[in-house]
Amino acid sequence: MGGKIKNILIVLLTFLPCIFILLLFHAGFEFSLHKESKQHAVKVVKEIDSILNYGEESNNLALNLISDGDSCEKIYSEMRINVARIPYVRTINLAHGNNIYCTSLWGAAEFHSDSMKYISGKLYLMPGSNVEQKYPLIAVRTVIGENVALSGIDGRYIKQLLSEQKNNSFVISLAIGDSWLTHNNEFTHDNPNKSFLAVQRVESKNFPFSVYSGFNSSSSWLAFWQEDQFYIVVILLFQILFSIFCWWQLTRPRPLYLELERAIRKNEFVPYAQPVVDSVTQEIIGVEILMRWKHPYQGIVRPDLFIPQAEDSGLIIPMTHMLLKETSRQLREYKHCLPAPFHVGVNISPQHCNSSILLDECKYFVDGVSNHNIILVLELTEREALDVSEFTQDLFHDLKILGCKIAIDDFGTGHSSLVNLQKINLDYLKIDQIFVKNIGVDCTSEHLIESTVELAKRLSLRIIAEGVETEAQAEYLKKQGIENLQGFLFAKPIPLGEFLQNYNQNINVIDND
Ligand code: C2E
Ligand code: CA
Ligand code: CA
């Protein structure tokens, strides 16, 4: 679970910034695409404007010629000279209304020209001319009174303009009314820009035409990749390096005591409870509080993985302080439904017994639960030797007055000496699970249990046997006269809150029955 959270965190740290940076760069790419597209279109509009201006100029020259009333024969040669002299213009025609009567190609002639086809009466994009039917042509129309001049601009000049782009991926097309001239010099009535990206339309201010510019790619992401491959790879590489760094930060081993200090600040140590039962009735007479570390990444951590370090660094004292406080708080809520007396065993390290803080903490606990039937049992674990000084003796004396009871934990495995048993006014001996496990297997364990029972009787101590896993073990211990049992046979340790809730519910069910 903890590992999972860490992995999710690393994956998020890798992908989220990656996605964010790529989205940002992609947005920038799209923006520059639109900008560039517009710049292309503006440039082409200017160039087409200047070409069409030549058409208008040649129209004006032709109209000036007929203002003297000359016939077509007279002005025709002048018109041909103008066609040769003025760039881009292929033909000049003169008309009255819709009837062309004079052309620079054939002189006097009669053709019909529909003025309605001219957009704003000025421009007409034709798929081809009478001479070259395959080549689109743009006709520029100028009207002065009754007289009309029409000049033809060869579409090939425009085609050259549309296809001569610095960046080959940009495609430019020209629209006059609903007719289009594409970058391939194709004449069409269909908008050729539908499949392009970042399409920009720029209208001419002088003539009724527009230029469309777009990027020739099926997807903006594909275009982004094609254009900025190098940067994308660099971004991804940086991101991977960043993730490796985060992963290293998250996983590098920190000294355990630093982690424990952090966990104390974050209140990560929580009480679990395992019931202690009466060996005859098998009813719950109390619980042992067992510390668990709710680690943000590693989940629930067993105490044997951190208690020895906590004892070595002295941090076990603030940790036990937290545990006692939290246990007292949770018990207070359920104190009315607990049996009387209800024993609450808490493990206390020997070093804790050299400080008067323990007395204050126990007072706080007892005041907190404010129920004299809840009895705090201090289980003195013996990983470190317990030095029973005068101070400790006084402390235990005060603890007894407060109503607490004292137990020697893991009896027979630690440093407990008979001298200590004499000095401390004990209440319980806890037989360690190692002896319980060997019942029926190894007769030395059974002898040890029997001797402990004998000793306890003489000293008027009660015995709790822990680690009871089978009915046979429970039966044997009961026969030996051991009063209290604890082990997986009855229940495994669970969060204290959960234990109290279950217990309360069971009591209610029994009461209702
Ligand atoms: P302990 O005080 O001897 O606690 C009993 C241990 O035996 C607990 O292990 C419990 O879960 C386990 N146990 C109980 N019944 C059975 C069973 O039937 N079979 C087996 N195999 N195990 C059983 P846990 O909770 O892992 O605690 C280990 C030790 O850590 C404790 O041994 C105690 O010495 C220490 N510890 C736990 N909480 C604290 C604490 O708050 N302060 C201090 N100083 N030590 C603590
Ligand atoms: Ca214990
Ligand atoms: Ca034990």
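Order of listing sets the numbers, starting from 1, for every ligand and every atom in it.
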Requested in this report: Compute whether any side-chain donor of one residue and acceptor of the other, for Q486 and Q274, lie under 3.5 angstrom apart.
Outcome: yes

Query - Donor + acceptor pair across side chains of Q330, E326 (<3.5 Å) - result: yes

Query raised in the report: Of the backbone atoms (N, CA, C, O) and the side-chain heavy atoms from C-beta on, which set of N347 has a member under 4.0 Å from an atom of ligand 1: side chain, backbone, both, or neither?
Result: both

Requested in this report: Check E288 against ligand 1 and report side chain, backbone, both or neither, counting heavy atoms closer than 4.0 Å.
Outcome: side chain

Report summary line: Restricting E379 to its N/O/S atoms, the closest one to the Ca ion (ligand 2) is OE1

Query raised in the report: On the ring face of Y476, is K479 found with NZ or CZ under 6.0 Å from the centre and within 45° of the axis?
Result: no

Report summary line: D409 heavy atoms within 4.0 Å reach ligand 1 at atoms 2 (O)

**Report entry** N or O contact, D432 vs ligand 1, cut-off under 3.5 Å
**Finding:** no

Query - Neighbouring protein N, O or S atoms of the Ca ion (ligand 3) [cut-off: under 3.0 Å, no waters] - result: D410 OD1, D432 OD1, E466 OE2

**Report entry** Interatomic distance, L181 atom CG to F187 atom CZ [nearest 0.5 angstrom]
**Finding:** 8.5 Å

Query - Polar proximity ligand 1 side, F488 side, N/O cut 3.5 Å exclusive - result: yes

**Report entry** M319 contact mode with ligand 1 (heavy-atom cut-off under 4.0 Å)
**Finding:** neither

Query raised in the report: Short N/O distance, under 3.5 Å, between I289 and ligand 1?
Result: no

Report task. Would you give the length of the straight line joining atom CG of D410 to atom CD of Q433, rounded to the nearest 0.5 angstrom? Result -> 8.0 Å

Query raised in the report: Which bit of Q433 gets closer than 4.0 Å to ligand 1, counting heavy atoms only: side chain, backbone, both or neither?
Result: side chain

Query raised in the report: Any N/O of R302 closer than 3.5 Å to an N/O of ligand 1?
Result: no

Report task. Specify side chain, backbone, both or neither for T320, according to which of its non-hydrogen atoms lie closer than 4.0 Å to ligand 1. Result -> neither

Report summary line: In ligand 1, the atoms that come under 4.0 Å of a heavy atom of D410 are 3 (O)

Report task. Answer yes or no: is there a side-chain heavy-atom contact under 4.5 Å between F342 and I284? Result -> yes

Query raised in the report: How many angstroms lie between atom CD1 of I424 and atom CZ of F396, to the nearest 0.5 angstrom?
Result: 5.0 Å

**Report entry** Plane angle bin for F215 and F29 - parallel if under 30°, tilted between 30 and 60°, otherwise perpendicular
**Finding:** perpendicular

Query - K437 with E469: basic N within carboxylate O range, under 4.0 Å - result: no

Query - Of the N, O or S atoms in E288, the one nearest the Ca ion (ligand 2) - result: OE2

Report task. Kindly confirm or rule out an N or O of D304 lying under 3.5 angstrom from an N or O of ligand 1. Result -> no

Query raised in the report: Which word best sums up how the rings of F196 and H183 line up, parallel for under 30°, tilted for 30 to 60°, or perpendicular for over 60°?
Result: perpendicular

Requested in this report: Give me the ring orientation class for F224 and H26: parallel if the planes are under 30° apart, tilted from 30 to 60°, perpendicular past 60°.
Outcome: perpendicular

Query raised in the report: Against heavy atoms of E466, which atoms of ligand 1 measure under 4.0 Å?
Result: 3 (O), 5 (C)

Requested in this report: Of the side chain and backbone of R292, name the one, both, or neither that has a heavy atom under 4.0 Å from an atom of ligand 1.
Outcome: side chain

Report summary line: Going by the 4.0 angstrom heavy-atom rule, the piece of L323 near ligand 1 is side chain

Query raised in the report: Have T188 and D190 got a donor and an acceptor in their side chains that come within less than 3.5 Å?
Result: no

Requested in this report: Could you tell me whether the side chains of E259 and H295 share a donor-acceptor contact shorter than 3.5 Å?
Outcome: yes

Query raised in the report: Quick one: which ligand 1 atoms are inside 4.0 Å of a heavy atom on E469?
Result: 17 (C), 18 (O), 19 (N), 20 (C), 21 (N)

Requested in this report: Taking only heavy atoms of P303 into account, list the atoms of ligand 1 that are under 4.0 Å away from them.
Outcome: 24 (P), 25 (O), 26 (O), 27 (O), 28 (C), 30 (O), 37 (C)

Query raised in the report: How would you list all residue pairs meeting ring pair (Phe, Tyr, Trp, His ring centres under 6.0 Å) that involve residues 420-465, not counting sequence neighbours?
Result: H343-Y428

Report task. Starting at CG of L429, measure out to CZ of R462 and round the result to the nearest 0.5 Å. Result -> 12.0 Å

